[in-house]
Amino acid sequence: MRKYVLYFAMSLFLFIGCKKDAVDGTSMQAFQSSINDMASSLSTLQQIKFSEALYILKTFGVDAEGDIQELNALAKLLEGKKVPEIFAMADAVAAENGIDWTSNGPPSLGEMNIFGNVAAMESDPNDIVADGLSITTRPVDVDTILGPKALQVIPRLVDNAGRNIDFSGAALETIMEVYSSGNLVSSSKNLMQNNNFTGFTIRFPNLPSDKINDGKIDITVTVKTSGKTYKMTKVGVPVNQKAMTQPSQPVIVQDSLSPPPSENMDPLTNGTLPATDPKNTVQKFLNNLSSQNLRAAFEVSDNPNWGSYEKFSNPTSGFGSVKSLSVKNITSASTTDTNASVNATYDVTDKSGNTSAVNVTFGLKNVNGEWKISNYKIN
């Protein structure tokens with residue numbers, strides 16, 4: 001008898017000892033098993049918040065369409081992560097998406113199970129019964145000179161009389177898509193937890209001005225409850241074009257040594273510089289950087305320090321980080337038949353929105369009658 005008791009105790013010890021404390025994303029079965037193991041070591045309250053954190057990450061932390069694809073992407077994202085790391089990731093994703101949720105707050109999203117409910121619940125906070133969806137828009141962040149710089153979009157679930165439905169404790173996935181002339185301009189996602197949902201904010205400087213036709217946009221909002229999907233489009237919403245960021249226009253400055261325009265004009269430089277001037281190459285290079293035509297910018301260079309095109313266009317360490325630039329001045333420092341030096345000053349904006357004033361000396365060499373950038377020095 002003691003032998004069986006000892007065997008049982010050892011088996012129980014091994015079972016407990018095999019429980020996982022980190023995510024195993026090698027398969028969907030391993031992923032779910034590891035999540036269950038991690039949750040079982042938490043208090044009841046922590047288990048609820050853990051489920052909410054997983055839902056936040058599945059809904060907003062991965063870029064995939066459909067439940068299975070989202071779960072697979074989530075498994076890869078969380079591979080090897082422990083509970084505190086998952087809570088920290090969910091806090092960051094919630095803050096980034098403007099979701100009113102924190103890992104140390106009270107439960108707020110109702111019953112959450114990213115793998116699907118294993119048993120029917122007596123009540124589902126996401127089972128909201130409504131007759132439709134309404135959308136209200138109003139200008140916000142008003143500048144005394146430019147006017148409104150943003151538009152707030154507020155969706156509401158309503159009954160057949162247009163009255164707001166009263167609910168709370170839900171986690172309704174809500175998607176906003178912005179179109180212009182039928183083309184998708186932007187999209188964003190959030191959670192509607194009650195009908196006091198603050199909605200979305202469309203910031204006009206973030207809209208691509210070259211894709212907005214007639215100064216109007218169409219806004220489509222979709223709200224998913226457990227039983228139905230509600231969708232509504234508000235057509236022809238005006239935007240304040242004065243507050244939109246316009247494409248940067250390079251400023252070309254001629255010095256007194258530049259000859260007048262000739263019949264041999266280059267459309268990339270508006271015909272203001274002769275084709276044989278080394279400044280022409282520098283201007284082409286900067287124009288193409290500003291328009292993010294990195295291949296064309298790379299082709300006017302012969303700089304061994306820049307290496308391959310992949311290295312040149314790298315979004316982290318190369319010119320792929322440039323969003324736009326505005327040229328202030330370009331002048332020739334020296335020119336011979338084989339070599340030239342050109343100074344340029346310009347403001348460069350990276351893809352994070354940071355702008356820096358730059359003063360650069362470009363070294364160029366004559367390659368078969370064509371000037372190529374051979375070195376680059378920031379002064």
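No hydrogens or angles considered: nothing links the side chains of Glu370 and Asn366 as a donor-acceptor pair under 3.5 Å. At a cut-off of 3.5 Å, with distance as the only test, a side-chain donor of Ser103 or Asp91 sits close to an acceptor on the other residue.
Considering only residues two or more places apart in sequence or on other chains, Gln193 meets the side-chain hydrogen bond (donor to acceptor under 3.5 Å, both in side chains) condition with none of them. Applying the side-chain hydrogen bond (donor to acceptor under 3.5 Å, both in side chains) criterion to Thr26, with sequence neighbours excluded, gives Asp24. With sequence neighbours excluded, the residues satisfying salt bridge (charged side-chain N to carboxylate O under 4.0 Å, His left out) with Asp141 are Arg203.
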**Request:** Tell me, with the steps shown, if Ser291 and Asn293 meet side-chain hydrogen bond (donor to acceptor under 3.5 Å, both in side chains).
**Result:** CA-CA 5 Å; Ser291 63; Asn293 188 352; 5.2 Å; no
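Contact of the Ile330 side chain with the Asn343 side chain is not registered, since no non-hydrogen atoms from C-beta on lie closer than 4.5 Å. Two residues are said to be in side-chain contact when any heavy atoms from C-beta on lie closer than 4.5 Å; Leu157 and Asn195 meet this criterion. For the pair Thr222/Thr229, a side-chain contact is recorded, criterion being any heavy-atom separation below 4.5 Å from C-beta on. In this structure, the side chains of Leu151 and Ile219 come closer than 4.5 Å at one or more pairs of heavy atoms. At a threshold of 4.5 Å between non-hydrogen side-chain atoms, the residues Ile175 and Val221 do not count as touching. With contacts defined as side-chain heavy-atom distances shorter than 4.5 Å, the pair Ile86/Leu78 qualifies.
A salt bridge links Asp302 with Lys365: the closest approach of a Lys/Arg side-chain nitrogen to an acidic carboxylate oxygen falls below 4.0 angstrom. Ion pairing between Asp21 and Lys82 holds under the 4.0 Å rule for side-chain N and carboxylate O.
The only member of Thr220, Thr201, Ile202 that meets side-chain contact (heavy atoms from CB on, under 4.5 Å) when paired with Met176 is Ile202. Among Asn194, Ile128, Leu191, the one residue that satisfies the side-chain contact (heavy atoms from CB on, under 4.5 Å) test with Leu172 is Ile128.
Counting only residues at least two apart or in different chains, side chain to side chain donor-acceptor pair (under 3.5 Å) contacts with residues 163-179 comprise Asp159-Arg163, Glu177-Tyr179. Among pairs with a residue in residues 321-363, those fulfilling ring pair (Phe, Tyr, Trp, His ring centres under 6.0 Å) read Phe285-Phe362, Phe362-Tyr376, at least two apart in sequence or across chains. Note on residues 31-81: pairs passing ring pair (Phe, Tyr, Trp, His ring centres under 6.0 Å), not counting sequence neighbours, are Phe31-Phe115.
Closest of all the heavy-atom pairs between Val23 and Glu79 is O-OE2, 3.7 Å. Here the shortest heavy-atom pairing between Asn160 and Asp131 reads N-OD2, 2.9 Å. Shown here for Asn303 and Asn375, the closest heavy-atom pair between the two residues is ND2-CA, 3.7 Å. The shortest heavy-atom contact between Pro148 and Asn240 is O-ND2, 2.8 Å.
Aromatic ring centres of Trp306 and Phe319 lie closer together than 6.0 Å.
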